[in-house]
Amino acid sequence: MEKITLKKQDITKLIQVIKEQDETSETSDVIEVTPDELYKLFPAIDYNLNALSKLRKYRDKKIVVNGKLSLRDSKIKSLGPIIRINGDLDIVDSGIASLEGITVTGRISDWGSEMSKIRERRRVAGELAMGQSRREDNEWSLENADEEGLCAIAVFQYLQEEEPNEVQTDEDIDNLRQLKERRGNIYYDQEQGNDSEELQDELDSIDAEIEEIEEKIDVYALIPGRYGYYGKMRTYEIYQGGLEGNTYAVSTESRAEDAALEYAKESIDENGIGGFNQNFWIDHLDEESILDYFRDFYEDDVRNNTDVYFDEDDFELTSEQEERKEQLENYIEEMEQLKSDTEDEQRELDDSDSEEYENLEFNIQEIESNIETAQDELDKIEPDTEPTQEMIDRKVDDLLDDVRYDYAAKLNEFGMDAEEYLDKDALAQAWVDSDGIGIMNGYDGTYETTYVNDETYVVMRTN
């Protein structure tokens, strides 16, 4: 046989030809539709998309849907010939069990659909298998348990008190062990040829007792939840027995208190203070923030409206003015004394026409002039009508004392929303302190405590 050699460019051309042929073939087998076109057909095909092949337009065609396809709450169980949806797909609460072979470019919403139920059943089966593995390895005995196991033990102790008919007691566990041991012995006897009716009756009775006990849950029936409870508490779900569907939250007491505080903060952020009595929340205003606001307001207002906040009696001399005033007063007093002494000296002279008398008269006039000059300066010393920073600070402090007397009233006086100045963290803590950990339990608001290895645990049912 002759050997055929292909060059690289020949191989490339060949691949391109094959690709074009495939695309042509595929295009001829595919039809594109809008969601509205499909919706109009649903009643005619009784919501069975596989029946589209009976319609001439769609016979032997694969369907591509361009746009968001909503099959929510529909009776449709299969997407039939649809191979692609260029958009979102909503199959919430529908009977669709699989999307195998279908490409969805957008978001898929499938809560409550048969597909999500199948997925959940598989998940639960896996969780139960893991629980059985823990049971076989005795992982959650007090001796072996890690934090997850200790929390599970706390929930189980809670259930022993709250649901005694639904959980295995220590006596049940002992009986179960003895019954299984006896059953094993009977099997051995039967294998050895002892097929008496009495032995079979006993075996039937043992099987019934075992079944009755195993219908109750043990600690390994508690399945760790996929999500925590307010980031602090573990959750456990039950998928069997009379408590099937129940969920429980558990943690040490300190972590439960942290979780309750986290809940309180989130609740206040989301819902505000509408659920609180005003007398309760009003005590938890952010007083420093309020004072900061009014301090800024009053400093500006006092500085710009001094005539409103000060009168003449409020203004004082500066320390320099006080010092100069004292100097002048002392000087005038000295001059007055000097004048008096000079006048006395003048009066003692017998000759008023003498040169000495005239010199004393000149001195007296000069002293009087000095006194007048000093008095004029003294009379002009007055307080500056521009308030000092110290005066403004004192006035602002006086005004802030009025704010401190009743923060809420002052906010109301200024038309301000007190909630904007709420100390949410303080209010959250006060709420927990007042109403307890149960505030975060939306199921019934209750919780119980139990003790595991001398540690206090908080347990509550959450659904």
Side-chain angles (χ1 to χ4, degrees), residues 4 6 9-132 223 225-227 237-241 244-247 463:
I4 299 175
L6 293 175
Q9 57 267 32
D10 295 329
I11 296 175
T12 303
K13 291 179 181 179
L14 180 60
I15 292 173
Q16 183 63 33
V17 170
I18 294 173
K19 183 177 179 182
E20 291 174 355
Q21 289 176 344
D22 287 345
E23 289 179 350
T24 302
S25 175
E26 182 178 335
T27 302
S28 63
D29 291 339
V30 172
I31 183 171
E32 297 186 9
V33 299
T34 66
D36 286 339
E37 289 179 278
L38 284 181
Y39 298 153
K40 293 176 182 178
L41 292 173
F42 286 168
I45 59 176
D46 195 24
Y47 298 89
N48 178 9
L49 294 188
N50 289 314
L52 285 171
S53 61
K54 297 179 180 179
L55 303 179
R56 179 182 301 175
K57 179 178 179 179
Y58 300 99
R59 186 172 296 147
D60 299 325
K61 299 287 186 180
K62 296 175 182 178
I63 297 176
V64 172
V65 181
N66 292 320
K68 177 181 178 181
L69 182 62
S70 177
L71 304 177
R72 181 179 291 240
D73 295 317
S74 73
K75 299 181 292 184
I76 294 173
K77 296 182 179 181
S78 168
L79 292 182
I82 294 177
I83 61 168
R84 184 181 181 88
I85 298 170
N86 292 321
D88 296 341
L89 173 62
D90 184 349
I91 57 172
V92 170
D93 290 329
S94 73
I96 296 173
S98 174
L99 295 179
E100 185 177 355
I102 301 171
T103 300
V104 179
T105 63
R107 179 173 177 270
I108 299 174
S109 303
D110 67 352
W111 187 88
S113 68
E114 187 59 32
M115 187 170 75
S116 72
K117 292 174 183 177
I118 292 172
R119 186 170 60 245
E120 178 64 9
R121 287 195 292 268
R122 289 173 179 167
R123 185 190 73 83
V124 170
E127 294 289 355
L128 291 175
M130 291 176 64
Q132 178 60 29
I223 304 301
R226 290 168 289 176
Y227 310 105
E237 303 168 343
I238 299 177
Y239 297 114
Q240 62 189 82
E244 183 176 359
N246 290 8
T247 302
N463 77 333

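Counting begins at 1 with the first residue of the sequence.
Rounding to the nearest 0.5 angstrom, the gap separating the CD1 atom in Ile76 from the CD1 atom in Ile82 is 7.5 Å. Atom-to-atom distance recorded for Ser98:OG and Leu79:CG is 9.0 Å, nearest 0.5 angstrom. Distance check: Glu237 CD to Ile223 CD1 gives 8.5 Å after rounding to the nearest 0.5 Å. Annotation: the span from Lys40 atom NZ to Asp36 atom CG amounts to 6.5 Å, rounded to 0.5 Å.
Listed by chain and residue number, Arg123, Val124, Arg226, Tyr239 satisfy the side chain to side chain contact (heavy atoms under 4.5 Å, CB included) test with Glu120 (two or more places apart in sequence, or in another chain). Looking at residues two or more places apart in sequence or on another chain, you find a side-chain hydrogen bond (donor to acceptor under 3.5 Å, both in side chains) between Asp110 and Arg119. Scanning for side-chain hydrogen bond (donor to acceptor under 3.5 Å, both in side chains) contacts around Glu127 gives an empty result, with sequence neighbours left out. With sequence neighbours excluded, the residues forming a side-chain hydrogen bond (donor to acceptor under 3.5 Å, both in side chains) with Thr34 are Glu37, listed by chain and number. Every residue two or more places apart in sequence or in another chain that forms a salt bridge (Lys or Arg N to Asp or Glu O under 4.0 Å) with Glu114 is listed here: Arg121.
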Identify all side-chain donor-acceptor contacts of residues 83-97 below 3.5 Å with residues at least two apart in sequence or on another chain.
residue	atom	partner	partner atom	Å
Arg84	NE	Asn86	OD1	2.7
Asn86	ND2	Asn66	OD1	2.7
Asp88	OD1	Arg107	N	2.7
Asp90	OD1	Val92	N	3.0
Asp90	OD2	Arg72	NE	2.8
Asp90	OD2	Arg72	NH2	3.0
Ser94	OG	Ile91	O	2.7
Ser94	OG	Ile96	N	3.4

Please report, to 0.1 Å, the donor-acceptor pairs under 3.5 Å made by any side chain of residues 51-59, with sequence neighbours excluded.
residue	atom	partner	partner atom	Å
Ser53	OG	Asn50	O	3.1
Arg59	NH2	Lys54	O	3.2

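Residues Thr247 and Tyr227 have side chains not in contact (no heavy-atom distance under 4.5 Å, counting atoms from C-beta outward). Annotation: side chain of Leu49 is not in contact with side chain of Ile63 (no heavy-atom distance under 4.5 Å).
The two residues Gly67 and Pro35 come nearest to each other via the heavy atoms C-CG, 3.8 Å. Summarising the geometry of Tyr39 relative to Ser70, their closest heavy-atom pair is OH-N, 2.9 Å, with the distance given to 0.1 Å.
Using a distance-only test at 3.5 Å, with no hydrogens or angles considered, a donor-acceptor pair links the side chain of Asn463 to the main chain of Gly245.
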